[in-house]
There are 4 protein chains.
Amino acid sequence: MGRKQAFTRSELLDQTKRVLLEYGYEGFQLKLLSKSLVGARSTIYQYYANKEEIVAACMKRSMENVLQKASAIDETECMDALQHLLDVYLEEADFHQLLGYAHKINKANSAAAAHDLEFVEQAHVTLKSQLERLFARAQEEGHLNTSIPLPAIIGVFFNLIETPNMMNIPTPQWSKLLYQMWLGGVGRR
Amino acid sequence: MGRKQAFTRSELLDQTKRVLLEYGYEGFQLKLLSKSLVGARSTIYQYYANKEEIVAACMKRSMENVLQKASAIDETECMDALQHLLDVYLEEADFHQLLGYAHKINKANSAAAAHDLEFVEQAHVTLKSQLERLFARAQEEGHLNTSIPLPAIIGVFFNLIETPNMMNIPTPQWSKLLYQMWLGGVGRR
Amino acid sequence: MGRKQAFTRSELLDQTKRVLLEYGYEGFQLKLLSKSLVGARSTIYQYYANKEEIVAACMKRSMENVLQKASAIDETECMDALQHLLDVYLEEADFHQLLGYAHKINKANSAAAAHDLEFVEQAHVTLKSQLERLFARAQEEGHLNTSIPLPAIIGVFFNLIETPNMMNIPTPQWSKLLYQMWLGGVGRR
Amino acid sequence: MGRKQAFTRSELLDQTKRVLLEYGYEGFQLKLLSKSLVGARSTIYQYYANKEEIVAACMKRSMENVLQKASAIDETECMDALQHLLDVYLEEADFHQLLGYAHKINKANSAAAAHDLEFVEQAHVTLKSQLERLFARAQEEGHLNTSIPLPAIIGVFFNLIETPNMMNIPTPQWSKLLYQMWLGGVGRR
DNA sequence: GATGAATGAGGCTTCATTCAT
DNA sequence: CATGAATGAAGCCTCATTCAT
């Protein structure tokens with residue numbers, strides 16, 4: 001009963017992500033959002049009570065995806081696991097950037113937003129501990145250059161994600177290539 | 001003698017940079033800017049006609065600094081030059097991020113902004129050609145792993161700049177460390 | 001320096017009171033308010049950060065007036081004091097109605113509003129204890145009909161304030177007349 | 001058999017009255033109304049074409065009740081009749097307050113609302129003339145203090161209705177008490 | 001030149017009302 | 001009939017910019 005929905009919650013979040021990435025958190029406007037959806041701006045409020053909730057929900061969903069994929073990784077071989085993890089992060093590359101906006105959200109405005117962000121925070125901790133676990137093993141097993149501080153190694157690894165893929169190499173190969181550069185360097189062997 | 005000058009053009013640009021980096025381009029507001037200056041908000045208009053001009057001028061100044069330092073580098077040894085270049089980019093690390101905002105500026109609003117951005121664009125080309133020149137030589141001279149496409153090597157090099165320096169290692173050492181990881185990788189040798 | 005003010009804070013509160021009384025709390029709109037002031041609607045925000053603060057400030061001012069006048073009353077003769085108190089309440093008749101809106105104000109929105117309302121609350125207690133003090137004495141001194149419960153007597157006294165003055169009798173006489181009716185009744189003596 | 005009826009017209013008007021009294025005319029919102037009814041908000045439009053009509057119908061119904069009760073009063077003894085009239089007005093105390101909103105309704109929007117308000121207006125005149133008739137007789141028959149202007153006496157009588165019944169005395173006794181205070185005053189006899 | 005105040009355009013959000021199922 | 005969803009008008013508030021002192 002009632003009319004057919006103009007757009008689904010999922011479509012809404014898809015566009016939210018798009019607008020967020022294109023305009024940044026402060027540039028995220030409902031006008032921009034509704035322009036890329038079929039209905040009126042006010043229809044958005046059928047799903048979320050305010051801007052903050054939309055952004056928080058978007059982040060939560062993104063985080064859920066990453067978390068699921070990351071936790072599905074087989075950690076038997078730590079170096080393989082790292083390679084797979086890089087795959088995951090590259091597939092959901094934007095999520096890294098989205099996360100950066102998390103602390104800008106005004107939680108006072110909305111309990112729902114606060115709740116979603118709580119989840120994001122927790123998941124963040126989970127991901128971080130997975131990463132640290134793997135790197136600790138990598139170091140123990142002697143895969144890493146001991147003359148380089150571990151935090152620096154981790155930092156560069158994480159930062160690989162943002163490297164612009166100018167040649168549009170398909171993600172799996174691109175991931176392998178980045179991994180190779182990270183581990184082996186770009187210099188002549 | 002007239003009224004004391006409220007703040008200098010240079011102070012204005014310093015704070016512009018700070019606010020831009022903290023809040024992003026869309027979050028850049030004159031109220032935030034004037035809060036970190038001694039005078040009134042309206043005084044800003046003594047120097048620049050509108051928001052766009054301020055941001056453009058800020059970018060131009062940042063670019064001038066980098067350009068000057070980059071062009072002072074001795075290019076005799078290309079690998080040394082690259083290491084020095086990384087020094088320069090890290091010293092002015094923010095400039096990389098600032099540049100990302102360049103295309104968001106609405107040039108229609110102001111000729112002065114358009115003019116400044118023209119300069120930035122030009123300088124960008126200059127820097128890029130310096131980089132490409134050096135990388136071409138590095139490859140020719142056999143310093144680089146030929147199995148990796150050059151654009152990927154360059155991309156990773158550029159992206160190093162954004163690596164978070166979690167341990168707050170002083171910039172010169174941090175630069176050396178990043179260079180070492182880039183060239184030699186993080187794996188056991 | 002700077003431009004001349006379009007309207008003073010006091011004028012703003014005057015009109016606030018007028019609009020509140022005419023349209024009620026839920027009907028209080030900034031558009032209506034600014035229509036009765038010389039400047040633009042947004043100018044209001046030079047004085048108060050939001051609607052709630054305006055209303056709260058209006059109430060506080062009204063309460064201050066009443067409080068000052070009420071506390072200046074000589075309480076030597078309690079029945080005289082009650083007559084004077086009625087004068088005061090009639091002069092500021094609207095304040096009784098304004099107070100009714102106090103609990104509707106959303107304090108969560110503004111600390112300043114909450115603070116003003118705190119004052120109003122306190123003053124309310126002060127006024128109430130003055131009233132109870134006087135009535136207690138009136139009863140002790142045998143001025144009141146003991147067959148009527150005191151709260152009923154007080155209730156009717158307070159309610160006199162709202163009696164519409166259809167003949168537009170000047171306030172002092174009107175006050176005396178109401179007092180006379182209250183104390184002596186309207187029946188033949 | 002079709003769908004079960006969501007709520008009756010009468011339930012609708014009951015809640016209308018409740019919401020009106022709680023939130024005032026300007027605060028009367030269909031969302032608040034439907035929250036206290038079993039069906040959907042849009043179902044309201046099965047009964048009335050718009051907000052104004054609902055409020056007008058509510059007032060009309062309230063007025064009809066009062067009118068019926070008031071016209072049933074035996075006017076043989078004018079002072080008894082006044083006491084009975086006070087009973088009636090107290091039983092339907094809210095109606096006095098509701099009436100105050102009548103002039104705020106925008107009649108331009110709806111013929112039906114205008115029609116209902118016309119009725120209310122007429123009934124108001126009827127009630128008023130009853131009151132004036134009784135008071136004229138009361139004065140003629142020497143029941144009232146001739147030193148007090150009749151309009152003032154009527155005003156206070158009418159205003160009694162709003163006196164807050166803090167002790168929650170049952171309406172019939174409360175009515176007698178108010179009548180007694182009005183006629184005989186609260187002072188020592 | 002420097003300022004504080006004024007302002008209108010534009011964004012967020014709510015709400016009466018309409019529509020399609 | 002009953003409903004849930006859709007919608008635009010309208011209210012609040014912010015912010016870049018202009019103005020008068």
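The analysis underlying the following values was restricted to heavy atoms, covering all of them including side chains, and did not include hydrogens, waters or symmetry mates. Please read all numbers here as calculations on a predicted model, not as lab measurements.
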Pairing of A:D14 and A:R61 as salt bridge, 4.0 angstrom limit | yes
Does a side chain donor of either D:E52 or D:S110 reach within less than 3.5 Å of an acceptor in the other side chain?
-> no
Residue met sooner reading DNA chain F from 5', once A:A6 and D:G39 are mapped to nucleotides | D:G39
Which sits closer to the 5' end of DNA chain E, B:I44 or C:Q5, going by the nucleotide each is nearest to?
-> B:I44
Do A:Q46 side-chain and F:dA5 base share a donor-acceptor contact under 3.5 Å?
-> no
Is C:K60 positioned over the aromatic face of C:F119, cation under 6.0 angstrom from the ring centre and no more than 45 degrees off axis?
-> yes
Nucleotide by nucleotide, 5' to 3', does protein get under 4.0 Å of the base (B), only the sugar-phosphate (S), or neither (-) in nucleotides 15-21 of chain E, counting heavy atoms?
-> SSBBBSB
Upstream residue (5' side of DNA chain E) when C:V38 and B:F7 are each assigned their closest nucleotide | B:F7
Sort by first number and list every stem of DNA chain F: at least 3 consecutive Watson-Crick or G-U wobble pairs, both distances under 3.5 Å.
-> E:2-21 with F:2-21
No-hydrogen, no-angle side-chain donor-acceptor test under 3.5 Å, D:Q15 and D:S36 | yes
C:L12 atom CG is separated from E:dA5 atom C1', nearest whole Å, by 15 Å
Crowded around B:E64 CD? As in, over 12 foreign heavy atoms under 6.0 Å?
-> yes
Here the pair of heavy atoms bringing B:F28 nearest to B:K51 is O-NZ, 2.8 Å
